[in-house]
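All ligand and atom numbering here is 1-based and tracks the order in the structure.
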Amino acid sequence: MSATGTWPVDFETAPWHPADHFIDGAWVPSVGTARIEVTNPATGEVWGSVPAASDEDLDAAMAAARRAFDAGPWPRMRPSERAEVLRRFADEVESRAAALSLTNTRENGSPVAETGGAAANAAGILRYFAGLAPHLEREDVRPFPNGVGESVVRRDPLGVCALIAPWNFPINLVVIKLAPALLAGNCVVIKPASPTPLSIRHIVEAARAAGIPAGVVNLITGSGRTGDAMVRHPAVDKVAFTGSTEVGRKIAAACGELLRPVTLELGGKSAAILLDDVDLDAFARVFVRSCLRNTGQTCYISTRILAPSSRYDEIVDTITRVVSEAPQGDPLDPGTVFGPVAHRGQYESVLDHLASARAEGARFTTGGEPLPGPGLFIAPTVLADVTPEMRVAREEIFGPVVTIQPYGHVDEAIEIANSTPFGLGGIVFSADEERAFGVAERVDSGSVGVNFFASNHAAPFGGRHDSGLGVEYGVEGLEQYVAFKSIHRRA
Ligand code: NAD
């Protein structure tokens with residue numbers, strides 16, 4: 001195995017310690033000496049490491065992106081030409097499906113049942129945005145209402161975009177930024193989260209193989225310090241961030257000071273509202289995907305279950321059964337539903353939330369304890385009889401834990417659903433879809449599902465309030481990466 005640029009053939013066991021960043025179309029040795037270790041959370045084994053970018057590394061990546069934007073071919077190509085390259089990029093991503101899945105699983109413990117779909121999902125996002133080229137190319141001419149002339153509306157690229165991602169879906173949450181940024185003609189510098197810096201290298205390699213010109217896509221690895229330096233870097237024209245609300249606030253403050261466009265996809269505390277006519281068999285079939293996807297480490301899942309008092313015991317029993325029967329274990333086993341928690345800090349945070357639930361009087365109907373090490377496994381946990389004041393009812397836990405709260409009238413359920421500072425997701429379950437839709441309309445969040453939840457590449461996804469600013473996906477997501485320009489002319 002080479003230390004630079006290539007990766008092991010035996011993904012399941014080989015170590016991987018690259019010494020480089022991807023800058024200006026090539027893997028370039030890091031100037032810095034500091035390194036970040038990558039630990040497999042299922043085994044505790046340190047199996048990889050990456051360089052922590054020095055200031056010089058960051059400057060080199062930013063300079064490459066700046067040159068590519070100011071003088072390179074990419075922003076000057078027609079959107080339909082860029083779309084062709086994105087379609088090749090999608091093919092290259094799909095051809096790396098096994099490497100992407102296994103690297104992702106070893107980085108953050110997401111079961112292969114989850115990561116096995118990562119390449120197809122990323123390719124789907126690239127193809128979806130490629131299909132939006134006509135939106136950028138069409139003649140958008142708007143007459144003055146007073147008849148004096150007309151305005152031609154152009155959608156120019158913004159420039160250099162800093163893309164900063166979290167560790168829970170390290171491939172998808174980069175590609176959802178990369179695809180619209182590239183289609184619009186921008187150049188980017190990507191920074192993955194420290195626990196998951198390796199899988200994204202396959203994506204960057206796919207971009208190179210697809211023929212994306214040098215300097216258009218750059219990758220550096222580093223910690224929050226590097227992310228902060230990116231946000232403030234003078235070469236940057238736009239910041240796109242997914243991560244915690246706490247860090248999102250800091251980035252918003254920096255971008256406010258700099259008047260720099262920013263999109264923020266942040267935390268959530270979404271509610272599943274079960275109406276009194278809910279079909280519990282149907283609910284049980286989609287429960288894990290809707291409320292505990294990726295071992296509870298998914299931003300939009302509905303981890304607060306609001307159950308009508310009239311069917312409370314039945315609902316608690318159903319959820320307890322489903323959670324206790326779902327297999328937890330080796331994330332490389334295709335039958336595994338729940339893996340480990342992704343990294344040590346998150347593991348400690350989940351255990352701390354469980355301790356608070358115990359102290360505040362929640363009823364544990366299953367789980368609640370860590371499993372013997374060295375992996376970071378916590379038994380999937382159901383907390384019943386949760387009250388609104390409890391910490392577990394208010395804070396994002398981001399681990400294999402759901403809470404159940406009873407409610408009386410549906411108005412009360414909506415009030416509880418809307419009572420946190422967040423506004424990201426939510427689901428309404430009912431045998432009557434029209435009734436559920438009416439309740440979904442009253443949930444104060446960016447996306448709500450009726451009897452299921454999935455993100456649709458064609459529909460905007462984003463959070464309200466403490467869950468973020470701006471949207472990803474859809475035409476609206478593409479327009480977060482354009483600078484509008486109106487050219488007025490007389491009729
Ligand atoms: P995090 O905020 O700790 O880190 C996210 C990224 O920001 C990492 O790359 C990190 O290195 C970087 N970073 C840290 N400090 C920074 C700073 N001061 N300036 C710039 N960058 C900085 O989040 P995390 O723990 O990696 O991810 C989990 C969080 O992400 C959860 O709250 C989850 O809800 C949220 N999330 C939101 C969405 C969404 O679409 N809304 C999707 C997935 C995850």
Engineer: So, the side chain of Asn418 versus the backbone of Asp444: is there a donor-acceptor pair under 3.5 Å, distance only?
Structural biologist: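 The answer is yes, because a donor-acceptor pair under 3.5 Å joins these two groups.
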Engineer: Return a table of donor-acceptor pairs under 3.5 angstrom between the side chains of residues 158-168 and protein atoms on other chains or two or more places apart.
Structural biologist:
residue, atom, partner, partner atom, Å
Trp167, NE1, His343, NE2, 3.2
Asn168, ND2, Gln297, O, 3.2

Engineer: Write none if no such pair exists; otherwise list each N/O atom of ligand 1 with its protein N/O partner under 3.5 Å and the distance.
Structural biologist:
residue, atom, partner, partner atom, Å
ligand 1, 2 (O), Ser244, N, 2.9
ligand 1, 2 (O), Ser244, OG, 2.6
ligand 1, 9 (O), Ala165, O, 2.7
ligand 1, 9 (O), Lys191, NZ, 3.0
ligand 1, 11 (O), Lys191, NZ, 2.9
ligand 1, 19 (N), Asp228, N, 3.3
ligand 1, 23 (O), Ser244, N, 3.3
ligand 1, 25 (O), Trp167, NE1, 2.9
ligand 1, 26 (O), Trp167, NE1, 3.1
ligand 1, 30 (O), Gly243, O, 3.2
ligand 1, 32 (O), Glu396, OE1, 2.7
ligand 1, 34 (O), Glu396, OE1, 3.4
ligand 1, 34 (O), Glu396, OE2, 2.6
ligand 1, 41 (N), Leu266, N, 3.2
ligand 1, 41 (N), Leu266, O, 2.7

Engineer: Going by side-chain contact (heavy atoms from CB on, under 4.5 Å), His21 matches just one of Thr221, Val50, Leu58. Which one?
Structural biologist: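 Answer after filtering Thr221, Val50, Leu58: Thr221.
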Engineer: Could you work out, with ring pair (Phe, Tyr, Trp, His ring centres under 6.0 Å) as the rule, every residue matching His353, not counting sequence neighbours?
Structural biologist: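 His353 satisfies ring pair (Phe, Tyr, Trp, His ring centres under 6.0 Å) with no other residue.
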Engineer: For Ala64, give me all partners under side-chain contact (heavy atoms from CB on, under 4.5 Å), at least two apart in sequence or on another chain.
Structural biologist: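 Partners of Ala64 by the side-chain contact (heavy atoms from CB on, under 4.5 Å) criterion, ordered by chain and then number, come out as Ile23, Asp24, Arg67, Asn218.
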Engineer: According to the interplanar angle, ranging from 0 to 90°, do the rings of His457 and Tyr473 count as parallel (below 30°), tilted (30 to 60°) or perpendicular (above 60°)?
Structural biologist: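 Geometry flag for Tyr473 against His457: parallel rings.
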